[in-house]
There are 2 protein chains.
Amino acid sequence: MTISAARRRASIADVARVAGVSVGTVSNVLNRPERVLPATRERVEAAIEELAFVRNGSARQLRAGTITTVGAIVLDIANPFFTDVARGIEARLERDDYTVMVASSDDDPVREHRYLRLFEEHGVQGVMVVPATDDISHLLSLRERGVGVVLLDRPSPVADLSSVAVDDVHGGELAARHLLEQGHTRIAFLNGPHAIRQCADRHVGVVRALEEAGLDPAEALVEVTVPSLNADGGEAGIRTLLARGDRPTAVFCVNDLTALGALRTLRREGIVVPDEVALVGYDDVTFAAELATPLTSVRQPTHQLGETAADILLRGRDVPAEQVVFQPELVVRASSLSPG
Amino acid sequence: MTISAARRRASIADVARVAGVSVGTVSNVLNRPERVLPATRERVEAAIEELAFVRNGSARQLRAGTITTVGAIVLDIANPFFTDVARGIEARLERDDYTVMVASSDDDPVREHRYLRLFEEHGVQGVMVVPATDDISHLLSLRERGVGVVLLDRPSPVADLSSVAVDDVHGGELAARHLLEQGHTRIAFLNGPHAIRQCADRHVGVVRALEEAGLDPAEALVEVTVPSLNADGGEAGIRTLLARGDRPTAVFCVNDLTALGALRTLRREGIVVPDEVALVGYDDVTFAAELATPLTSVRQPTHQLGETAADILLRGRDVPAEQVVFQPELVVRASSLSPG
DNA sequence: GCTACATTATGAACCGTTTCATCACGGCGG
DNA sequence: CCGCCGTGATGAAACGGTTCATAATGTAGC
């Protein structure tokens, strides 16, 4: 029985020794093979093969100073909206041979900070962030330290910080106005905390639509804060609403996952959608059209959102900052249509 | 107007200079603060603040040799099945203060290799991989180079490689047997390429169930290979099936996203589920129960799958390899129930 | 007053790669 | 025959932390 020592990873020096060349030559084989004689190159390649040599990324990066990687932080990677955005980001980055590391903050500012620090310590060139709170001072100072920053799914409050967003006020307005047109006069809004800007903005839009219709938001709007922006949150939101009694005839959910949970819970409680309660979601995810009651939803240009953000980040710090705002669009389906 | 020079990131040496101490002391403040006098520590901390110093992760890691990070490669990060698995992984890693980098191979072996190399170059301690092909020799050699490897959602073919899987043969069997019990004698299977082990195994299970029932798979089974394991793939699969004429009365889809696409397309074609075609999916994702026709599906212990894989990886190389296999479970809903 | 010892701080070595000034060698023109 | 030039190969410096043997200082005991 042989005892194999826990051997260290082979380094460039080991390869050089086996191939009988200098470390500089090995490095050249790896990075500028055309500069080294074919015979030498082959010897080096054989040594690499023999030792199963793998470059040490840390050393390489330490020397290089920067890497062709960017970071992205979204609120919830399990939400199809954000995976679509991430796909858009990837699509744009691939053209420039960049890679992206995607992290999910789960709406938690602490997790957001932790990932930002991780990204910065590892020398990413830039980050795209869907901030978990209204306070973005940490992103401004991050940028001052030389890291590119693009706000994602959120307009920038300052002119010199780039952002790519969808008009959430308008989105909320579209949803509420539609429900009003269907004859509803009291609307429940299952929303996330207003610390999340998208939630605050959609609320503003809803209020605006109510006021336009001559209604008093204090009476016509019942806002319920859900514990999480997913199906479980939607379920909890509906339960809260039902416990109160005096339930509205329409429910607007801050996203489709929440609407999914709402739909599930309403059905379990024997409440028929849309006859007894009309339902509108947000994001128009893949399955929205295929639900037991096809879901009316506000569609956003997800893929384009990601692509544009990545594009702005890559075009870099020399070009002036820009704020892009896309417009959402209402997709009407059965879940919100009044019977008859 | 001031011209701000593109200043270099502050290093530990800069902090030391400003604080009037040595680099070793700064490092001690960062890593073993209890060993340095409070007065000194405060001066160093002030300097860190003043210079907005952020540790260079590459340098730190280069010296340390390894990091508390592991990699995970799944087939499709947009599939709720895999995001649930990823959540399970995260949950287990968090307890040991590890972080995970998740990448999606999109069923592409080339992408899988690229990410594995990236992970290895950056010195991850281990990887959890859902392999895109049957060939796992690259994973075996990776492990020989000292990187921990756990096969994810796939049983290991060799005794000394750990794996965490769900019995896919049994899963396929459960689905097919259920359809046979409902009286169907010809079944379509919208499956992925057999290079993906899960697809091959589920096929074996289906064939086994057919044979048990005394049917000839060559006649009773129509296998359609979908171009992608998602809703678009399901749509394409149904279109292929319909173009052939002579369509079976039951369709088994390799996962719920595919089933979603199938359902959508059948509806558009005016084919009623389950009356004209029975439908069964796989994974039992969140929305399966809420679809226009609630979807019968094979449920897997996703979260536990991820947790267990991470646990085996963390327990490390000293303990012997182990192969864990969970059992799936059929959840029957309306999409597969014969009328009457 | 001297030794022994604990507490802090120091600074050089080290991790593995890339880069670049320098060198060795051969061919060629004058 | 000499100088020049181009092609390849070389080896040491540099990147920015961490670690550890060593030094400096203070304190206690005798």
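Just so we're on the same page: letters track the sequence lines, and every chain starts at 1.
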Query raised in the report: What's the spacing between B/Ile48 CD1 and B/Phe53 CZ if we round to 0.5 Å?
Result: 6.0 Å
Query raised in the report: Please give, in whole Å, the distance from D/dA24 P to B/Arg35 CZ?
Result: 20 Å
Report summary line: Checking D/dA9, C/dT17, C/dC14 against the side chain of B/Arg63 (C-beta onward), the nearest is C/dC14
Query raised in the report: Just how far, in rounded Å, is C1' of D/dG17 from CG of B/Asn56?
Result: 7 Å
Query - Inter- and intrachain pairs under salt bridge (charged side-chain N to carboxylate O under 4.0 Å, His left out), touching residues 57-80 of chain A, at least two apart - result: A/Asp76-B/Arg87
Report summary line: Separation of C/dT7 atom C1' from B/Glu34 atom CD, nearest Å, is 13 Å
Query raised in the report: When you measure from the side chain of B/Ser11, which nucleotide among D/dG16, D/dT18, C/dT18 comes out closest?
Result: D/dG16
**Report entry** Spacing between A/Ile67 atom CD1 and C/dT18 atom P, to the nearest angstrom
**Finding:** 14 Å
Report summary line: With the side chain defined as heavy atoms from C-beta on, A/Asn28 is closest, among D/dG17, C/dG16, D/dT10, to D/dT10
Query raised in the report: For the side chain of A/Val21, counting heavy atoms from C-beta on, which of D/dT10, C/dT10, D/dG16 is nearest?
Result: D/dT10
Query raised in the report: Does C/dT18 have OP1 or OP2 sitting under 4.0 Å from an N or O in the side chain of A/Arg55?
Result: yes
Query raised in the report: Any donor-acceptor pair under 3.5 Å linking the side chain of B/Thr99 with the backbone of B/Thr69?
Result: no
Report task. List the steps, then state whether salt bridge (Lys or Arg N to Asp or Glu O under 4.0 Å) holds for B/Arg9 with A/Glu120. Result -> CA-CA 11 Å; B/Arg9 251 171 81 160; A/Glu120 186 179 7; 5.4 Å; no
Query raised in the report: Across the strands shown, which category fits B/Arg41 at heavy-atom distances under 4.0 angstrom: base, sugar-phosphate, nothing?
Result: nothing
Report task. Using atom types as modelled and distance alone, determine if a side-chain donor or acceptor of B/Asn56 lies under 3.5 Å from a backbone N or O of B/Ser58. Result -> yes
Report task. Tell me which nucleotide among C/dT10, D/dG17, D/dA9 gets nearest to the side chain of B/Ser22. Result -> C/dT10
Query - Between C/dC15 (P) and B/Gln61 (CD): distance, integer Å - result: 16 Å
Query raised in the report: Side chains of B/Glu112 and B/His138: donor-acceptor distance under 3.5 Å anywhere?
Result: yes
Query - Closest listed nucleotide, where the reference is the side chain of A/Thr40 and the choices are C/dT17, D/dA9, D/dT18 - result: D/dA9
Requested in this report: Mind checking B/Thr25 for me? I need base, sugar-phosphate or nothing, with any heavy atom below 4.0 Å counting as a touch.
Outcome: base
Report task. For B/Leu37, report the nucleic acid contact type (base, sugar-phosphate, nothing); a contact means any heavy atom under 4.0 Å. Result -> sugar-phosphate
Query raised in the report: OP1, OP2 of D/dC15 versus side-chain N and O of B/Arg9: anything below 4.0 Å?
Result: no
Query raised in the report: Starting at CG of B/Leu30 and ending at C1' of D/dT18, how long is that distance when rounded to a whole Å?
Result: 10 Å
**Report entry** Spacing of A/Leu62 atom CG relative to D/dA13 atom C1', expressed in whole Å
**Finding:** 13 Å
Query raised in the report: Is the phosphate of D/dT18, meaning OP1 or OP2, less than 4.0 Å from a side-chain N or O of B/Asn31?
Result: yes
Query raised in the report: Closest to the B/Ser27 side chain: D/dT10, D/dT18, C/dA9?
Result: D/dT18
Requested in this report: Between C/dA9, D/dG16, C/dG11, spot the one nearest the side chain of B/Val23, thanks.
Outcome: C/dG11
